[in-house]
Amino acid sequence: MDYKRILTVQDASCVGQCSMTVALPIISACGIETAVIPSAVLSTHTAFGSFTFRDLTEEIPKIKEVWNKEDIKFSAVYTGYLGNKAQVGCVKDIMNECLTDDGLKIVDPAMADGGKLYHGFDGGYVQAMKELCKAADFILPNITEACFLTDTEYKTEYERTYIETLVREIRKFFGGTVILTGAALSEGKTGVAVCEKDDIRFYEHEKISRGCHGTGDVYASVFTGALIRGKTPFEAATIAADFTYECIKYTSPDKEHWYGVKFEPLLGKLIEMLK
Ligand code: PXL
């Protein structure tokens, strides 16, 4: 397919600068048609004090049937936050039936951060996510998610060997390329570890002390867009790291803006970074 089309499956949090409201504009800014399946509709993401949650699992097989009838195929399927473990099975079916022959499976196992699972997820969901990761060409866990996927103890203070072992453990179970985010290897820095085959490459940049919600979604969306634009996995990983860093830097003076990153004014910069 010359004109690339990405399908992203994740929730639509109506307000929250996460998931679909991040993936759609970012992948579109990368110059790629973006199709969506909303896994659930929420008033806001789950870090707000209260939220509504409408599960859309039943819709997914019906949407897939129509696409099969219409012969609609995708150059990549990129998954983020899924509403429940049943959706993992639905997503696997979509990956099997709706990708082009060389289509890519990109999985952000968006389920945890800061050592904890997000609200509503449990061990059963982690198991299901392990299976989805096994089917993927690229997985993009943060350190917490990598620990859940490999049953490794979560640490906030660690040496380089902790990250290397974590990445190698993931590679052992999940055959695809691993992009581990939030790997802090030296004082004042953070970065990503990219493992294709046995080779681990690191990319570091300055760390901003303030953490923001939704940075994982910004990162995975840029990575996906850049990769499908033709960048190598390592290039896509570094562009995503640089853009996410810029977004956090831009957001951090606004102490009121706690729920997401203000990436929208920087989309022009992203387009420049991809040239
Ligand atoms: O950004 C990850 C994410 C996505 N979607 C929903 C979430 C979260 C993180 O809390 O709650 C609904």
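Computation of the quantities below employed the complete heavy-atom set of this structure, encompassing side-chain atoms and omitting hydrogens, waters and symmetry-equivalent molecules. In each ligand, atom 1 is the first atom listed, and ligand 1 is the first ligand listed.
Note on ring orientation: taking the six-membered ring where Trp is involved, the planes of F234 and Y203 are perpendicular (angle over 60°, cut-offs 30° and 60°). F223 and Y219 have parallel rings, their planes meeting at less than 30° on a 0 to 90° scale where 60° marks the start of perpendicular. In this pair, W258 and H213 present their aromatic rings perpendicular. The plane angle is above 60°, beyond the 30 to 60° band.
Nearest to atom 4 (C) of ligand 1 among the protein's heavy atoms is S19 OG, 3.1 Å. Nearest protein neighbour of atom 1 (O) of ligand 1, counting heavy atoms only, is D217 OD2, 2.7 Å. Shortest contact from atom 3 (C) of ligand 1 to any protein heavy atom: Y81 CD1, 3.9 Å. Ranking protein heavy atoms by distance to atom 5 (N) of ligand 1, first place goes to D11 OD1, 2.7 Å.
At a 4.0 Å heavy-atom cut-off, ligand 1 touches S13 through the side chain alone. At a 4.0 Å heavy-atom cut-off, ligand 1 touches T46 through backbone and side chain alike. Contacts with ligand 1 closer than 4.0 Å are made by side-chain heavy atoms of L42 only, the backbone lying farther away.
More than 12 heavy atoms of other shown residues, nucleotides or ligands fall within 6.0 angstrom of atom NZ in K92.
When only modelled atom types and interatomic distance are considered, E169 and T152 share no side-chain donor-acceptor pair under 3.5 Å. Looking only at atom types and distance, the side chain of E33 has no donor-acceptor partner in the side chain of Y3 under 3.5 Å away.
By the 4.0 Å N-to-carboxylate-O rule, E164 lies close enough to R160 to be salt-bridged with it.
For the ligand labelled ligand 1, residue A110 lies outside the 4.0 Å heavy-atom shell.
Taking every heavy atom of C18 and a limit of under 4.0 angstrom, the matching atoms of ligand 1 come to 1 (O), 4 (C), 5 (N).
Taking distance alone, with nitrogen or oxygen atoms compared against 3.5 Å, H45 stays at or beyond that limit from ligand 1.
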